[in-house]
Amino acid sequence: MRKLLFISSLILLLLSVPLGAQQMKRVTGRVLDKKTGKPIDQQQFGVRIYGFNTVASAQDVKKLMDLDANTFVVPDTEAYPDESGYYEISVAETGALIFKVDMKEAVLEKVNFRMEINVRIEMGNILRTSQVSAVRNVVDVIDKRTDMEGNYLKARSVISIPENVGRRDSRLIVQPFLIDDRTKDTLRALKPTVMEGNEYRLTQLRRMNYDESLDPLNAYLISDTLSSNALFIPWADTIYVKDPSRNYLVKGLVQLEDYNHVYSSKEHYLASSRIGRPLRFLEYSMVPYMLNPEDYRERARREKRNTAGKMSLTFKVGQARLEDSDTLGKRQLDSVKNVLLDIIHGEGSQLKEFHIIGTASPEGPLAGNQKLAKKRLDYALDQITSVLPKAVRDRVYMTTNASVASWTQVAELLEADSLDFEAQAVRSIVAANPRNPDRQGYLIRSLPYYKAVIFPLLPRLRSVSYSYSYEIFRELTPEEIMDRYRNDEDYRSGRKKFALYEYWNLFNMVTDPEELEQLYERAYRESAQESSKPWVLAACNLAASKIRRGVCDTTLLGRYIDLKTHTTNFSMMRMNGTGYDLVNPEAVVANQLIMYVMANDFPKAGQLANILPENERNSMVRAFALCLGGYYKGGKTAAERSESRRVFELVSSSSPRNKVVLCLAMNAKVYDEMAEAALEDLPAEDALTSYFRCIIYGRKAARTKDFMDDMAAEDALLDCFHKDKSFIDIAAGDGYVVETIFKNAKDRYDFGE
């Protein structure tokens with residue numbers, strides 16, 4: 001009996017589990033107009049989806065809605081479709097959804113474990129809001145509207161063709177052009193729109209021998225047919241622009257022609273320069289990324305270093321020996337000797353080359369001067385290298401290079417001292433004896449002012465310089481590197497180069513941002529001279545430093561990014577098999593994305609956002625980049641729509657202002673209501689709050705045709721101008737502000753109201 005009771009209890013327990021463990025499901029679908037099969041125009045109608053975790057709760061609410069369409073509803077969850085009608089909502093798998101469109105009857109759908117629920121709502125023959133000013137008897141363009149989303153100018157309007165202007169035997173051609181609003185320059189021709197009458201179409205096919213490809217305009221032919229009836233032809237184009245911060249116009253040549261001639265041709269503005277910029281007031285910041293220095297630590301390696309200097313040596317007249325009184329020259333020789341000894345005795349260093357170059361003055365026979373100059377340099381070389389052991393000297397490449405200065409150089413010294421007459425005399429002698437230096441010297445020495453003026457200048461032409469190179473393989477300590485950076489002017493100024501490992505240490509020790517950026521720049525530039533791919537640590541740090549200063553340079557990091565590799569931090573083996581290279585370092589990709597956003601190049605920023613992994617650090621950077629590119633609504637696939645919805649939610653939740661901006665950007669009645677509610681979280685004294693209120697009430701007025709809404713929008717804009725007059729210029733070009741409202745508010749402001 002106990003066993004039977006236990007089994008019965010177990011069965012009851014198992015049967016009861018599903019009843020108490022309903023799972024929440026992500027339900028998606030589309031809300032469409034039943035008659036047209038198209039998404040409901042949300043600029044005209046508010047569409048809401050309410051979620052309830054039980055069917056009974058949903059049924060109770062629907063009964064109340066049927067009695068009073070304005071019933072206040074508190075659902076378990078709520079969602080709104082995007083402009084394509086797509087929605088997503090989380091609800092219990094045994095719950096129900098209610099779809100409500102303004103005053104229309106609510107539609108209830110039981111979830112019943114479904115993951116996709118599509119509904120079609122009976123909208124009936126509802127008149128859309130429109131404005132009729134007069135019957136038109138000429139071709140015109142009406143309802144012009146322009147929006148900027150990312151790098152794309154979305155322009156649309158309606159071309160009005162009055163009765164008896166179009167004909168069955170004629171063709172309409174609309175050729176648009178993109179115009180810079182400031183300069184009025186034509187930037188490029190856009191895609192034309194072509195409409196033909198039935199007779200024209202048939203005749204044109206015959207003329208082309210039924211080969212449509214012979215007519216270049218055939219590719220732009222729309223399906224509607226031209227006739228003598230009055231027509232309203234919608235025109236729209238999405239135009240890529242490099243600089244979305246500028247204002248643009250679209251001018252179009254609207255032309256009607258028959259088989260033989262053009263019988264109507266006129267230019268019209270197809271799109272207004274008053275552009276709606278939905279994200280103009282979006283607030284965001286992008287903190288630059290830094291690579292982990294330990295992942296890019298450089299080690300010391302054998303390097304060849306070059307050093308050069310000059311000596312002032314006074315030799316005995318006609319001899320290859322120093323004057324006994326030339327103590328300075330002897331000290332200089334001793335100094336060079338000590339440097340060479342330090343190199344050969346230094347840890348990990350090896351002397352490789354030593355060269356002396358000398359120039360003698362031109363007095364005396366040329367051949368004798370050359371021999372004497374050579375002997376003197378050999379003497380200096382022997383003196384300097386005498387301290388080196390024979391084993392070292394045998395392995396050092398040493399040369400001397402002796403030359404004799406020309407009398408032309410003497411003339412240059414005279415000119416430098418403003419002795420133009422004497423200089424001209426010397427040049428005349430040289431010109432008269434171009435190939436005979438000895439004759440030149442004889443005649444110049446015969447000049448009456450030779451001893452007094454020319455001879456004292458000759459020592460300035462005597463010079464001895466030296467250079468040496470050595471290899472070193474000793475890692476300096478951080479303290480030694482910093483001392484060299486702070487106190488050695490050659491290294492500090494850039495005349496001498498730091499090794500990469502020295503730069504690596506300096507990056508970790510120097511704290512001044514300006515100094516650090518200069519070091520990043522030097523390391524980047526010097527590594528680029530030695531390799532086709534500069535040091536990535538220097539490049540990324542330099543980019544981050546520029547981002548902090550608001551400076552954009554998209555050329556720095558492009559070479560480190562491979563768009564074909566759809567991930568970051570990917571290790572790829574080198575072609576020669578000697579190791580691995582890191583492709584698409586995450587910090588590099590993120591900084592380049594930020595640079596593209598700064599440059600208003602949103603398509604490229606979007607490409608990098610798709611490569612950048614979704615994590616806590618990258619979440620907002622990706623969301624802002626995609627949002628600014630216009631990827632916050634719509635989408636062709638369910639995945640794209642889901643991603644745009646996620647971007648919308650992330651950015652709108654980032655600040656109270658951004659919630660208002662994103663809701664207004666959706667440009668739908670429901671979202672306008674959400675924006676109005678969100679205004680309560682913005683400071684009332686802020687001019688931008690009044691500006692947002694003007695947009696909201698302007699849209700209300702367009703829907704309700706209520707004069708009071710128009711006045712509320714106008715008052716809000718006037719209040720905005722008083723708080724911050726810079727908004728006058730903004731509103732003048734903002735397609736989101738109704739033009740008549742702007743003009744009235746501006747007039748009231750100018751008259752001192």
Side-chain angles (χ1 to χ4, degrees), residues 286-301 303 481 485 491-492 494 496-575 578-601 604-605 607-613 617-618 621-622 625:
M286 294 184 174
V287 179
Y289 288 54
M290 302 291 286
L291 288 171
N292 182 359
E294 288 301 324
D295 293 339
Y296 297 89
R297 187 184 184 97
E298 287 286 332
R299 301 294 179 183
R301 59 186 176 183
E303 297 174 359
I481 295 169
Y485 172 67
Y491 279 101
R492 186 166 179 81
K496 292 182 180 178
K497 295 180 180 180
F498 287 108
L500 290 186
Y501 86 91
E502 292 174 310
Y503 278 121
W504 187 91
N505 281 280
L506 289 172
F507 293 167
N508 289 284
M509 292 186 292
V510 175
T511 57
D512 181 73
E514 187 174 338
E515 280 188 75
L516 268 174
E517 184 170 338
Q518 292 172 354
L519 285 170
Y520 298 149
E521 185 97 45
R522 282 177 60 181
Y524 174 82
R525 184 177 61 253
E526 291 170 13
S527 61
Q529 292 170 355
E530 297 178 5
S531 170
S532 60
K533 205 169 189 180
W535 189 22
V536 65
L537 179 64
C540 190
N541 285 358
L542 179 59
S545 182
K546 287 179 178 291
I547 289 170
R548 287 195 186 93
R549 291 195 299 111
V551 176
C552 176
D553 184 354
T554 58
T555 65
L556 283 174
L557 302 176
R559 70 190 75 195
Y560 307 101
I561 297 173
D562 179 12
L563 294 175
K564 295 179 182 177
T565 304
H566 301 289
T567 185
T568 58
N569 300 330
F570 180 73
S571 293
M572 180 178 290
M573 180 177 284
R574 299 189 186 114
M575 294 293 290
T578 58
Y580 290 85
D581 288 320
L582 195 64
V583 179
N584 294 347
E586 187 170 325
V588 170
V589 173
N591 282 343
Q592 184 71 341
L593 180 151
I594 295 171
M595 288 281 198
Y596 279 140
V597 170
M598 294 170 66
N600 290 328
D601 195 339
K604 289 183 179 177
Q607 283 182 308
L608 297 186
N610 291 329
I611 293 176
L612 203 62
R617 173 70 172 94
N618 299 333
V621 172
R622 291 182 73 255

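These numbers come from the heavy atoms of this one structure, side chains and all, not from hydrogens, waters or symmetry mates.
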Lys/Arg-Asp/Glu bridge criterion (N-O < 4.0 Å) met for Glu502, Lys497: no
[X] versus [Y], closest heavy-atom pair with distance:
{"X": "Met290", "Y": "Ala544", "value": "SD-CB, 3.5 Å"}
{"X": "Arg548", "Y": "Pro288", "value": "CG-CG, 3.6 Å"}
{"X": "Leu537", "Y": "Pro293", "value": "CD1-CA, 4.5 Å"}
{"X": "Leu291", "Y": "Pro585", "value": "CD2-CB, 4.0 Å"}

Carefully, step by step, assess Glu526 and Tyr503 under the rule side chain to side chain donor-acceptor pair (under 3.5 Å). CA-CA 11 Å; Glu526 291 170 13; Tyr503 278 121; 2.9 Å; yes
Which of these passes side chain to side chain contact (heavy atoms under 4.5 Å, CB included) with Asp562: Thr567, Ile611, Asn584? Asn584
Taking the side chain as everything from C-beta on, heavy atoms only, tell me whether [X] gets closer than 4.5 Å to [Y].
{"X": "Tyr289", "Y": "Leu593", "result": "no"}
{"X": "Arg549", "Y": "Glu517", "result": "yes"}
{"X": "Arg525", "Y": "Gln529", "result": "yes"}
{"X": "Leu516", "Y": "Thr511", "result": "no"}

Pairing residues for Pro613 by the side-chain contact (heavy atoms from CB on, under 4.5 Å) criterion, not counting sequence neighbours: Thr568, Glu586, Asn615, Asn618
Set of side-chain contact (heavy atoms from CB on, under 4.5 Å) partners for Ala528, sequence neighbours left out: Pro534
Evaluate Leu557 against Val589 for side chain to side chain contact (heavy atoms under 4.5 Å, CB included), listing each step before the verdict. CA-CA 8 Å; Leu557 302 176; Val589 173; over 6 Å; no
Separation between [atom1] of [X] and [atom2] of [Y], rounded to the nearest 0.5 Å:
{"X": "Asp512", "Y": "Leu519", "atom1": "CG", "atom2": "CG", "value": "10.0 Å"}
{"X": "Phe498", "Y": "Ile481", "atom1": "CZ", "atom2": "CD1", "value": "8.5 Å"}
{"X": "Asn591", "Y": "Met286", "atom1": "CG", "atom2": "CE", "value": "11.5 Å"}
{"X": "Asp553", "Y": "Ser545", "atom1": "CG", "atom2": "OG", "value": "12.0 Å"}
{"X": "Asn541", "Y": "Tyr524", "atom1": "CG", "atom2": "OH", "value": "13.0 Å"}
{"X": "Asn610", "Y": "Arg622", "atom1": "CG", "atom2": "CZ", "value": "6.5 Å"}

Partners meeting salt bridge (charged side-chain N to carboxylate O under 4.0 Å, His left out) with Glu514 (sequence neighbours left out): none
I'd like to check the salt bridge (charged side-chain N to carboxylate O under 4.0 Å, His left out) partners of Glu521; sequence neighbours left out, ordered by chain and number. none
Return the set of residues passing side chain to side chain donor-acceptor pair (under 3.5 Å) with Tyr520 (not counting sequence neighbours), or none when no residue passes. none
Side chain to side chain contact (heavy atoms under 4.5 Å, CB included) between Asp601 and Thr554, intermediate numbers included: CA-CA 10 Å; Asp601 195 339; Thr554 58; over 6 Å; no
Near Lys546 NZ, under 6.0 Å, is it more than 12 heavy atoms from other residues, nucleotides or ligands? yes
Residues pairing under ring pair (Phe, Tyr, Trp, His ring centres under 6.0 Å) where one sits in residues 533-561, two or more places apart or in two chains, turn out to be Phe507-Trp535
